[in-house]
Visitor: 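Mind looking over this structure? Questions follow.
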Amino acid sequence: MNNNGQRTPAAGNGTRKPNFRHKNYRYKAQPKKDGKDGQKQGQDKQAKGNYKPKFRGQGKPALKRPRKNNNGSKLKIIPLGGLEQIGMNITAFEYEDSIVVVDCGLAFPEDDMPGIDLVIPDITYLKENISKVKGFVITHGHEDHIGALPYVLKEVNAPIYSTKLTLALISNKLKEHNLTKTTKLKEVKHGQVINLGDFAIEFIKTNHSIQDASALAIYSPVGIVVHTGDFKVDYTPVFGDAIDLQRFAEIGRKGVLALMCDSTNAERPGFTMSERTVGHVFDNLFNEYKTARIIIATFASNVDRVQQIINTAYRFGRKVAVEGRSMVNVITTAAELGYLRVPDQTLIEIDQVKNYPDEQLVLITTGSQGESMAALSRMAANIHKKITIKPNDAIIFSSHPIPGNEKAVSKVINELSMKGAKVIFQDAHVSGHACQEEIKLIYSLVKPKYAIPVHGEYRHLTAQKLVAEELGYSKDNIFILKSGNVLEIDENSAAVTGSVHTGAILVDGLGVGDVGNIVLRDRQHLSEDGIMIVVMTLERHSNVVLAGPDIVSRGFVYVRESEDLMDHAREVVELALDGCLDKGITDWSKIKAAVKDALSDYVWKRTKRSPMILPIIMEA
């Protein structure tokens with residue numbers, strides 16, 4: 001029973017649950033007293049075995065810190081990325097002198113970002129408030145939730161809390177950036193509560209397209225915020241337990257201030273199919289293509305999908321080879337931690353493929369999104385060193401194209417089809433995100449006062465807003481936020497009170513943030529219209545032309561077939577240069593500007609193109 005004489009729901013799975021005195025009090029773990037609770041305490045210990053929950057924050061046990069009243073302060077929810085887009089998820093929860101950051105993901109470059117490898121969030125706000133940051137809490141191990149950590153930790157180093165597989169994937173990333181020794185990784189089990197500054201955070205078991213996904217119950221002095229992370233409701237998961245709907249209901253009975261719910265599939269009616277249904281599809285396909293070599297492209301992180309492929313291959317007496325660096329890394333990590341069970345003598349090295357007949361082989365590969373350097377794309381383009389596509393091959397795309405990747409996927413499918421391979425891309429995939437009925441289920445269990453749709457483009461967020469309105473929520477209690485908005489919230493009110501600096505930092509090779517809008521604009525200009533370089537040599541004091549002007553063109557026209565154009569262009573430059581010298585202009589910047597303007601006008605009149613023009617003056 002709590003201090004108000006109310007009975008609290010029993011903690012599921014033999015794990016300890018937070019118990020508030022009052023909504024205006026911050027949760028701190030309290031030791032059980034002997035007497036009437038003695039028997040229950042003993043039962044809890046017996047259920048937990050040797051597990052003792054640890055409450056961490058600033059290196060001190062939670063019990064030693066004094067309770068704190070809510071002094072009229074409000075909880076600030078600040079999405080620093082991930083809204084109005086798919087990817088780059090990161091949200092800060094701030095109360096007075098404590099900030100907890102949920103997720104820290106990257107986004108992949110758009111078509112208008114030539115040469116860019118990754119896009120990470122601008123964390124200027126966290127750097128400005130670095131003393132408040134208590135830790136990063138990660139919901140699951142997808143790139144759009146963990147990918148930016150190696151870059152962000154160099155600026156804001158704080159402990160990372162997450163589940164076993166997620167931490168292992170994060171650790172692999174940190175090794176690549178030599179950050180393992182300087183970063184604290186704290187493993188949390190589902191049902192466990194951690195204490196971070198003014199917050200207590202509980203991890204709740206959910207289902208997704210990667211193992212160990214979690215929802216979060218964020219306990220603050222003003223109330224509880226439930227963050228679903230990426231989730232679906234799967235009653236028959238391939239590995240592990242189903243989503244802990246009971247715990248969502250128990251927290252809902254406590255009274256939830258706000259729900260931040262995954263919106264990715266909010267436009268889709270009904271329920272998302274169970275991952276297990278894909279296994280039946282594989283059975284049918286393997287049965288249909290008994291004599292073919294089967295190549296399956298899927299997401300590297302979808303361990304359950306890989307498990308089902310391996311299970312089916314084993315039943316049909318086939319060997320499995322894995323190709324693609326990210327696929328090998330994830331499968332190796334998952335197998336080491338026990339999340340993937342591989343029968344003996346089923347997995348073979350890619351080099352051994354040539355030793356087996358086609359009907360005994362299955363290849364699991366990356367490249368389901370048409371990425372140019374992924375294994376399947378290299379096979380399709382005939383540049384893979386070890387695998388050549390043959391007319392008898394059956395190639396299964398076990399994924400749907402992410403919005404924006406449709407053209408790249410179509411290109412790979414066409415290239416594979418030209419080689420005579422049979423390409424199957426229907427019915428071999430189910431989503432890892434909740435559809436409308438599952439979203440309604442979570443709302444019905446949690447019963448939040450405020451609804452905050454997250455994770456998706458604006459149309460997805462709006463779709464969830466409509467779902468919430470169907471359930472009876474007032475428009476005033478539903479908040480569609482933009483990245484950078486500051487939502488101040490407590491028991492009595494919620495409002496967007498301002499915004500903080502956010503944005504995208506572009507990663508190009510080893511450079512982080514050194515490519516900005518101006519460089520991108522130049523790259524786009526170069527890619528669209530090419531460049532003309534004008535080189536001339538002037539005497540140091542007299543400004544007499546000693547050599548040139550010479551014109552070098554790249555990506556504009558093929559010079560050998562456009563000699564007339566280039567000769568006239570040279571004459572135009574000479575006239576402009578002579579005009580400047582006749583007027584006694586000695587400022588080289590003015591000479592360059594005159595040459596550039598004259599050449600630009602001429603080229604536009606002749607070709608209706610606007611190449612980048614770069615005048616270079618050398619002195620002698």
Visitor: With a 4.5 Å heavy-atom cut-off, do I99 and I78 have their side chains touching?
Guide: no

Visitor: Quick check: closest heavy atoms across S326 and T366, and the distance to 0.1 Å?
Guide: OG-CG2, 3.4 Å

Visitor: I would like to know whether T502 and D122 meet side-chain hydrogen bond (donor to acceptor under 3.5 Å, both in side chains); could you show each step before the answer?
Guide: CA-CA 5 Å; T502 58; D122 188 327; over 6 Å; no

Visitor: Examine H455 together with H460 and report whether their ring centres are nearer than 6.0 Å.
Guide: no

Visitor: List the residues meeting side-chain hydrogen bond (donor to acceptor under 3.5 Å, both in side chains) with T166, not counting sequence neighbours, and say none if there are none.
Guide: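 Per chain and number, T166 pairs via side-chain hydrogen bond (donor to acceptor under 3.5 Å, both in side chains) with T163.
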
Visitor: What heavy-atom pair brings A148 and G105 nearest, and what distance separates the two atoms?
Guide: CB-O, 3.4 Å

Visitor: Is it true that the side chains of T298 and S368 contain a donor and an acceptor less than 3.5 Å apart?
Guide: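 There is no such pair (donor and acceptor under 3.5 Å, judged by atom type) between the side chains of T298 and S368.
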
Visitor: Kindly compute the distance separating CG (L185) from CZ (F136), expressed to the nearest 0.5 Å.
Guide: 12.0 Å

Visitor: Taking the side chain as every heavy atom from C-beta outward, state whether F231 and I204 have any atom pair closer than 4.5 Å.
Guide: no

Visitor: Does any N or O in the side chain of K164 come within less than 3.5 Å of the main-chain N or O of E187, such that one atom is a donor and the other an acceptor?
Guide: no

Visitor: Output yes when a side-chain donor or acceptor of N302 lies under 3.5 Å from a complementary backbone atom of I210, and no otherwise.
Guide: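 No; zero donor-acceptor contacts below 3.5 Å.
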
Visitor: So does G432 get a backbone contact from the side chain of H208, meaning a donor-acceptor N/O pair under 3.5 Å?
Guide: yes

Visitor: May I ask you to decide if D234's main-chain N or O and N207's side chain share a donor-acceptor pair within less than 3.5 Å?
Guide: yes

Visitor: List the residues meeting side-chain hydrogen bond (donor to acceptor under 3.5 Å, both in side chains) with E438, not counting sequence neighbours, and say none if there are none.
Guide: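 T272.
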
Visitor: Y125 versus H501: any side-chain heavy-atom pair under 4.5 Å?
Guide: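 No - every pair of side-chain heavy atoms lies 4.5 Å or more apart.
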
Visitor: Can you name the one residue among Y450, F248, Y473 that meets ring-ring contact (aromatic ring centres under 6.0 Å, His included) with Y443?
Guide: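 The option that passes is Y473.
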
Visitor: Taking all non-hydrogen atoms of both residues, which atom of L165 and which atom of A334 are closest, and how far apart?
Guide: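 Looking at all heavy atoms of both residues, the shortest contact is CD1-CA, 4.2 Å.
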
Visitor: Hey, is the main chain of L179 close enough, under 3.5 Å, to the side chain of T183 for a donor-acceptor pair?
Guide: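 Yes, because the side chain of T183 sits within donor-acceptor range (under 3.5 Å) of the backbone of L179.
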
Visitor: Can you see whether D304 engages Q308 through a side-chain donor-acceptor pair at a distance of less than 3.5 angstrom?
Guide: no

Visitor: Kindly indicate whether the side chain of D244, heavy atoms from C-beta on, has any atom under 4.5 Å from the side chain of T206.
Guide: no

Visitor: Side chains of R305 and H429, heavy atoms from C-beta outward: is any pair under 4.5 Å?
Guide: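 Contact flag for R305/H429 side chains = yes.
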
Visitor: Which heavy atom in K449 sits nearest to a heavy atom in N477, and how many Å separate them?
Guide: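 Nearest heavy atoms, K449 then N477: O-ND2, 3.3 Å.
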
Visitor: Does the side chain of L441 come within less than 4.5 Å of F271's, by heavy atoms?
Guide: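 No; the side chains remain at least 4.5 Å from each other.
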
Visitor: Judged by atom type as modelled, is there a donor-acceptor pair below 3.5 Å linking the side chain of E457 to the main-chain atoms of T264?
Guide: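 Flag not set: sc E457 to bb T264 has no pair under 3.5 Å.
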
Visitor: Roughly how far apart are H145 NE2 and M88 CE, rounded to 0.5 Å?
Guide: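 Between atom NE2 of H145 and atom CE of M88 there are 12.5 Å.
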
Visitor: Any chance you could measure K189, atom NZ, to D212, atom CG, to the nearest 0.5 Å?
Guide: 10.5 Å

Visitor: Report yes or no: do S274 and K232 form a side-chain donor-acceptor pair below 3.5 Å?
Guide: no

Visitor: Strictly by modelled atom types, are S214 and H140 linked by a side-chain donor-acceptor pair under 3.5 Å?
Guide: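 No, because no side-chain N or O of S214 sits under 3.5 Å from a partner of the opposite role on H140.
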
Visitor: Could you give me the CA-CA distance, side-chain angles and deciding distance for T139 and N89, then say whether side chain to side chain contact (heavy atoms under 4.5 Å, CB included) is met?
Guide: CA-CA 11 Å; T139 58; N89 298 285; over 6 Å; no

Visitor: At what distance, to the nearest 0.5 angstrom, does CG of L487 lie from CZ of F93?
Guide: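 The CG atom of L487 sits 10.0 Å away from the CZ atom of F93.
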
Visitor: Rounded to the nearest 0.5 Å, how far does OG of S162 lie from CG of L167?
Guide: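 The distance works out to 5.0 Å.
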
Visitor: Please step through side chain to side chain contact (heavy atoms under 4.5 Å, CB included) for the pair V500 and L80, ending with a clear verdict.
Guide: CA-CA 8 Å; V500 303; L80 300 176; 3.9 Å; yes

Visitor: Does any N or O in the side chain of N485 come within less than 3.5 Å of the main-chain N or O of K482, such that one atom is a donor and the other an acceptor?
Guide: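 The answer is yes, because a donor-acceptor pair under 3.5 Å joins these two groups.
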
Visitor: Nearest heavy-atom pair of A266 and V467: which atoms, and what distance?
Guide: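 Looking at all heavy atoms of both residues, the shortest contact is O-CG2, 4.3 Å.
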
Visitor: Could you check E94 against K132 for salt bridge (Lys or Arg N to Asp or Glu O under 4.0 Å), going step by step and ending with a plain yes or no?
Guide: CA-CA 8 Å; E94 180 177 353; K132 295 182 179 183; 2.9 Å; yes

Visitor: Is L153 close to L174 at the side-chain level, that is, under 4.5 Å between some pair of heavy atoms?
Guide: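 Touching, per the 4.5 Å side-chain cut-off.
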
Visitor: Between the main-chain N or O of V454 and the side-chain N or O of D262, is there a donor-acceptor pair closer than 3.5 Å?
Guide: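 The answer is no, because no donor-acceptor pair under 3.5 Å joins these two groups.
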
Visitor: Tell me if a side-chain donor or acceptor on R268 pairs with a main-chain N or O of Q436 at a distance below 3.5 Å.
Guide: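 No, R268 side chain to Q436 backbone: no donor-acceptor pair under 3.5 Å.
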
Visitor: Are any side-chain N or O atoms of S98 and backbone N or O atoms of D198, one a donor and one an acceptor, separated by less than 3.5 Å?
Guide: yes

Visitor: Just verifying a value: how many Å separate H142 NE2 and F299 CZ, rounded to the nearest 0.5 Å?
Guide: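 Here the interatomic distance stands at 8.0 Å.
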
Visitor: So do the side chains of E155 and I123 get within less than 4.5 Å of each other, counting heavy atoms only?
Guide: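 Yes, close enough: below the 4.5 Å cut-off.
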
Visitor: I'd like to know whether the aromatic ring centres of Y339 and F239 sit less than 6.0 Å apart in this structure.
Guide: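 Y339 vs F239: aromatic centres under 6.0 Å.
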
Visitor: Considering only residues two or more places apart or on different chains, which pairs with a residue in residues 166-184 satisfy salt bridge (Lys or Arg N to Asp or Glu O under 4.0 Å)?
Guide: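 Matches after skipping sequence neighbours: E143-K173, E176-R325.
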
Visitor: Taking all atoms of both residues into account, what is the closest heavy-atom pair of I505 and P121, and its distance?
Guide: CG1-O, 4.0 Å

Visitor: Pick out which of T180, T332, T333 makes a side chain to side chain donor-acceptor pair (under 3.5 Å) with N172.
Guide: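 Single side chain to side chain donor-acceptor pair (under 3.5 Å) partner of N172 among T180, T332, T333: T333.
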
